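Data first, discussion second: the structure below is written as structure tokens.
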Amino acid sequence: MMFTLDEARSRLAALMPRLDELIGVRADLAELRADLDTGGHSALGGLPEAKALEARLYAALEEIADADIEVKGFAPLLLDFPGELDGRPVRWCWLEGDDGIDWYHRTDTGFAGRRPC
């Protein structure tokens with residue numbers, strides 16, 4: 001699927017509650033794993049809770065991919081929306097912490113070629 005910039009922005013806005021949840025689950029999982037790896041106890045639970053958090057995390061990532069959005073990074077979360085600009089394939093790019101989609105890069109340059117929209 002190819003997104004116009006407006007379509008990508010609209011899709012991102014609709015996804016934001018799910019992305020916020022994913023970021024929270026990722027943080028909980030990182031904290032729980034750190035506690036478990038050091039043999040300590042965690043207020044977040046134990047191994048069963050870690051497995052449940054992993055399942056929630058992978059389900060959210062799969063949901064994003066099923067929407068034809070490319071997950072390019074996990075921590076921080078980096079999403080690319082395939083599109084076209086002036087006849088060239090581009091990726092409308094969102095990085096965790098961005099307010100919206102204000103960047104793009106050509107498909108052949110990747111993140112290093114990011115430019116403002």
Side-chain angles (χ1 to χ4, degrees):
M1 173 177 202
M2 298 290 268
F3 295 92
T4 66
L5 178 55
D6 287 341
E7 289 168 341
R9 285 176 169 161
S10 177
R11 184 70 62 96
L12 177 67
L15 268 177
M16 281 311 295
R18 188 72 165 134
L19 297 177
D20 289 340
E21 178 185 345
L22 185 155
I23 291 165
V25 168
R26 183 190 66 203
D28 287 348
L29 181 58
E31 184 177 321
L32 180 52
R33 280 185 177 163
D35 289 345
L36 295 176
D37 287 348
T38 59
H41 301 317
S42 176
L44 295 171
L47 188 56
E49 288 77 16
K51 294 295 183 189
L53 288 170
E54 286 175 357
R56 287 177 57 197
L57 188 66
Y58 291 126
L61 292 170
E62 188 173 311
E63 181 181 324
I64 293 166
D66 286 347
D68 296 319
I69 300 165
E70 300 170 2
V71 178
K72 297 295 187 167
F74 171 71
L77 192 55
L78 176 60
L79 304 179
D80 279 352
F81 297 73
E84 189 175 279
L85 180 64
D86 299 328
R88 290 196 112 142
V90 297
R91 298 298 186 259
W92 309 113
C93 187
W94 178 81
L95 177 63
E96 183 179 327
D98 289 351
D99 291 330
I101 297 177
D102 297 319
W103 300 87
Y104 77 96
H105 58 81
R106 291 183 359 195
T107 301
D108 61 348
T109 64
F111 187 84
R114 255 179 91 161
R115 298 180 181 275
C117 294

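Quick note: numbers below take in every heavy atom, side chains included, and nothing from hydrogens, waters or symmetry partners. Being a predicted model, the structure only gives us computed values, none of them experimental.
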Requested in this report: State yes or no: do Leu85 and Phe81 share one hydrophobic cluster built from I, L, V, M, F, W and Y residues joined by side-chain heavy-atom distances below 4.5 Å, directly or via other members?
Outcome: yes

Query raised in the report: According to a 4.5 Å side-chain heavy-atom criterion applied to Ile, Leu, Val, Met, Phe, Trp and Tyr, with indirect links allowed, do Val71 and Leu95 form part of one hydrophobic cluster?
Result: no

Query raised in the report: Taking Glu31 for the side chain and Asp28 for the main chain, is one N or O donor matched with an acceptor at less than 3.5 Å?
Result: no

Query raised in the report: Do Asp80 and Phe111 have side chains that get closer than 4.5 Å, going by heavy atoms?
Result: no

**Report entry** Ile64 with Leu78, same ILVMFWY side-chain cluster at under 4.5 Å
**Finding:** no

Requested in this report: Mark yes or no for whether Arg11, through its side chain, and Ile69, through its backbone, hold a donor-acceptor pair below 3.5 Å.
Outcome: no

Please tabulate, for the side chains in residues 12-20, all donor-acceptor contacts under 3.5 angstrom to protein atoms that are two or more places apart in sequence or on a different chain.
residue: Arg18; atom: NE; partner: Glu63; partner atom: OE1; Å: 2.8
residue: Arg18; atom: NH1; partner: Glu21; partner atom: OE1; Å: 3.3
residue: Arg18; atom: NH1; partner: Glu21; partner atom: OE2; Å: 3.2
residue: Arg18; atom: NH2; partner: Glu63; partner atom: OE1; Å: 3.2

Query raised in the report: Less than 4.5 Å apart, any side-chain heavy atom of Asp102 and any of Arg9?
Result: yes

Query raised in the report: What pairs of residues pass the ring pair (Phe, Tyr, Trp, His ring centres under 6.0 Å) test when at least one of them lies in residues 22-78, not counting sequence neighbours?
Result: none

Query raised in the report: Taking Thr107 for the side chain and Pro89 for the main chain, is one N or O donor matched with an acceptor at less than 3.5 Å?
Result: yes

Report summary line: In short, Leu36 meets Ala50 closest at the heavy-atom pair CD1-CB, 4.3 Å

**Report entry** Non-hydrogen side-chain atoms of Ser10 and Phe3 separated by less than 4.5 Å
**Finding:** no

Query raised in the report: Mind checking whether Trp103 and Trp92 sit in one hydrophobic cluster, side chains of I, L, V, M, F, W, Y counted as touching below 4.5 Å?
Result: no

Report summary line: Correct closest heavy-atom pair for Pro82 and Asp68 would be CD-O, 3.5 Å

Query raised in the report: If you round to the nearest 0.5 Å, how far is CZ of Arg106 from CZ of Arg115?
Result: 8.0 Å

**Report entry** Spacing of CZ belonging to Arg114 relative to OG1 belonging to Thr109, to within rounding of 0.5 Å
**Finding:** 11.0 Å

Query raised in the report: So does Arg91 pair up with Asp108, basic N to acidic O under 4.0 Å?
Result: no

Query raised in the report: When hydrophobic residues are tied together by side-chain contacts of less than 4.5 Å, even through go-betweens, does Val25 share a cluster with Leu47?
Result: no

**Report entry** Results of side chain to side chain contact (heavy atoms under 4.5 Å, CB included) for Glu96 - residues two or more places apart only
**Finding:** Ile23, Arg26, Pro76, Leu77, Trp94

